[in-house]
Colleague: 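Got a structure for you, written out below as structure tokens; questions coming shortly.
Count residues from 1 along the sequence.
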Amino acid sequence: MTQVKTMNTLVKGLQLAAVSAIILAASPSYGAIIGGTSTVTTRGGSFVGTFDFKKLDPAPSVLEANNTETESQTIQGFDEKQNFILDQDFFVTDGFNEPNRSNSTVLIPTGTLVSSHFLFVDKPGQQRHIWSGEVTFDQEIIGVIASRGAYTNDAVSTRLFGLETTSYNLSSGRGLDTSGKYPELNDIVSFDGNVLSFTISAAARTLDPLRVITHGSQVKSVPEPLTLLGTGTALGFIPLLKRTYAKKHKNNKKK
């Protein structure tokens, strides 16, 4: 009886190890948006609601204002290029229009492993809304790209970080902004570790974008193809082991 239990335990262990190895190979870990929330009010201060961050997966094929596929009351976004090595120096900022200090540029040197994420608001209706909230990423934030003029189709940032499957139809006038006449409408972005905080206002028929650059995520080591082949072979031998053991056990009982 003890031998039977030992054999069953061995077989189950082999099965579990093999399945785990295959799942691990198929599901490596990447840098990504985890989620977030935002509280939405009108320009006059009326409460609209509190909404969860809307992650688009897959990313939209076309990114432009007044897109019925992306219009939403909440801030939304998608992961762009993930875990790639930057092939040139690139400058980002450590925030946007933070009170009491000017934003500093941050150099991301060539050879840095990074991931990119695109956030935006594209609200339906006519009235200007204000979004205040946070978005969390699974890696620390390096910097943001938020100024106007950084999102045209031929912009360096989009060529470096954007998805080839998404058409970024964003004019050079798109981006976060400040309002000298109406300070309460100033867009503000800051971050601490892997959490991005924001207050963003936008009117109808506009799309306010924000690109967030995080550190890349080291992909967990996965079995090499030969290892997976060996695992698959091991799975194939399990029924044979069972039959061989059963036959041997039967012969022993006859004796």
Colleague: For T166 and A59, work out which heavy atoms get closest and say how close.
Modeller: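 The answer is OG1-CB, 3.8 Å.
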Colleague: Would you call N67 and V62 a side-chain contact if the rule is heavy atoms closer than 4.5 Å?
Modeller: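 Result yes, sub-4.5 Å side-chain heavy-atom pair found.
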Colleague: Please find the pair of heavy atoms, one from W131 and one from S38, that lie closest to each other, and give the distance.
Modeller: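 Looking at all heavy atoms of both residues, the shortest contact is CD1-OG, 3.9 Å.
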Colleague: How many angstroms lie between OG1 in T41 and CZ in F47, if you round to the nearest 0.5 Å?
Modeller: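 Spacing of OG1 (T41) from CZ (F47) equals 9.0 Å.
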Colleague: Hey, what do you get for NZ (K54) to CD (Q73), rounding to the nearest 0.5 Å?
Modeller: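 Reported to 0.5 Å precision, the distance equals 11.0 Å.
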Colleague: For Q76 and L56, work out which heavy atoms get closest and say how close.
Modeller: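 Between these two residues, the closest heavy atoms are OE1-CD2, 3.7 Å.
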Colleague: Would you say the side-chain atoms of S190 and S197 include a donor-acceptor pair closer than 3.5 Å?
Modeller: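 Looking only at side-chain atoms, S197 and S190 do not form any donor-acceptor pair under 3.5 Å.
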Colleague: Below 4.5 Å, heavy atoms only, C-beta onward: do T110 and L86 meet side chain to side chain?
Modeller: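 Side chain of T110 against side chain of L86, heavy atoms only: no contact under 4.5 Å found.
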Colleague: Is there a donor in the side chain of Q139 and an acceptor in the side chain of T214, or the other way round, less than 3.5 Å apart?
Modeller: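 No, no side-chain donor-acceptor contact under 3.5 Å.
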Colleague: Please check: side-chain N/O of D79 versus main-chain N/O of I33, any donor-acceptor pairing under 3.5 Å?
Modeller: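 Confirmed, D79 side chain pairs with I33 backbone.
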Colleague: Hey, could you give me the CD/OG distance between E80 and S157, rounded to the nearest 0.5 Å?
Modeller: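 Rounded to the nearest 0.5 Å, the CD-OG separation comes to 8.5 Å.
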Colleague: Side-chain contact test, heavy atoms from C-beta onward, threshold under 4.5 Å: evaluate it for L63 versus F118 and give yes or no.
Modeller: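 The answer is yes, as the side chains (C-beta and beyond) meet within the 4.5 Å cut-off.
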Colleague: With side chains defined as the heavy atoms from C-beta onward, is the minimum distance between T199 and I130 less than 4.5 Å?
Modeller: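 T199 reaches I130 side chain to side chain.
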Colleague: Hey, mind stepping through V212 and V92 against side chain to side chain contact (heavy atoms under 4.5 Å, CB included) and telling me if it holds?
Modeller: CA-CA 9 Å; V212 181; V92 292; over 6 Å; no
Colleague: Within this structure, what is the CG-CG distance for the pair N83 and L113, rounded to the nearest 0.5 Å?
Modeller: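 Spacing of CG (N83) from CG (L113) equals 5.0 Å.
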Colleague: Take F96 and L210 through the side chain to side chain contact (heavy atoms under 4.5 Å, CB included) test and state the conclusion after the steps.
Modeller: CA-CA 10 Å; F96 184 81; L210 169 67; over 6 Å; no
Colleague: Could you tell me whether F78 and H117 have their ring centroids closer than 6.0 angstrom?
Modeller: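 No.
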Colleague: Hey, quick one: are V156 and I142 part of the same hydrophobic cluster, counting side-chain heavy atoms closer than 4.5 Å, chains of contacts allowed?
Modeller: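 Per the 4.5 Å side-chain linkage, V156 and I142 are co-clustered.
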Colleague: Heavy-atom distance under 4.5 Å between the side chains of R211 and L119, does that happen here?
Modeller: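 They are not in side-chain contact.
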Colleague: Look at the side chain of D122 and the backbone N and O of L207, then say whether any donor-acceptor pair between them is shorter than 3.5 Å.
Modeller: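 No; judged by distance alone, with no hydrogens or angles, the pair does not exist.
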Colleague: Please step through side chain to side chain contact (heavy atoms under 4.5 Å, CB included) for the pair N194 and T136, ending with a clear verdict.
Modeller: CA-CA 6 Å; N194 65 332; T136 302; 3.6 Å; yes
Colleague: To the nearest 0.5 angstrom, please state how far the NZ atom of K55 sits from the CD1 atom of I75.
Modeller: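 Those atoms lie 14.5 Å apart.
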Colleague: Check whether V195 and F198 end up in the same hydrophobic cluster, where Ile, Leu, Val, Met, Phe, Trp and Tyr are linked by side-chain heavy atoms less than 4.5 Å apart.
Modeller: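 The answer is no; the residues belong to distinct hydrophobic clusters.
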Colleague: Go through the side-chain N and O atoms of S201 and R128 and say whether any donor and acceptor fall under 3.5 Å apart.
Modeller: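 Judged by distance alone, the side chains do pair up.
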Colleague: Hey, mind stepping through T39 and S132 against side chain to side chain donor-acceptor pair (under 3.5 Å) and telling me if it holds?
Modeller: CA-CA 5 Å; T39 297; S132 295; over 6 Å; no
Colleague: Ignoring hydrogens, what is the shortest heavy-atom contact between V135 and F53? Give both atom names and the distance.
Modeller: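 Where V135 meets F53 most closely, the heavy atoms are CG2-CD1, 3.7 Å.
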Colleague: Is the side chain of T112 donor-acceptor paired with the backbone N or O of V114 at a distance under 3.5 Å, no angle test?
Modeller: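 Here the side-chain-to-backbone pair does not exist.
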Colleague: Carefully, step by step, assess T50 and V40 under the rule side chain to side chain contact (heavy atoms under 4.5 Å, CB included).
Modeller: CA-CA 6 Å; T50 298; V40 185; over 6 Å; no
Colleague: Run the ring-centre check on F90 versus F161 and record whether the distance is less than 6.0 Å.
Modeller: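 Yes: the rings meet the under 6.0 Å criterion.
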Colleague: Which atom names give the shortest non-hydrogen contact between S115 and G216, and what distance separates them?
Modeller: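 Smallest interatomic distance, heavy atoms only, reads OG-CA, 3.8 Å.
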Colleague: Report yes if the side chains of N97 and D187 come closer than 4.5 Å at any heavy-atom pair, otherwise no.
Modeller: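 No - every pair of side-chain heavy atoms lies 4.5 Å or more apart.
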Colleague: So, for D208 and A202, which heavy atoms are closest and what is the spacing to 0.1 Å?
Modeller: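 The answer is OD2-CB, 3.9 Å.
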Colleague: Does the side chain of I213 reach to within under 4.5 Å of the side chain of I108, using non-hydrogen atoms?
Modeller: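 With C-beta onward as the side chain, the pair touches.
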Colleague: Testing the 3.5 Å rule here: is there a donor-acceptor pair between the side chains of D52 and T37?
Modeller: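 Side chains of D52 and T37: no pair found under 3.5 Å.
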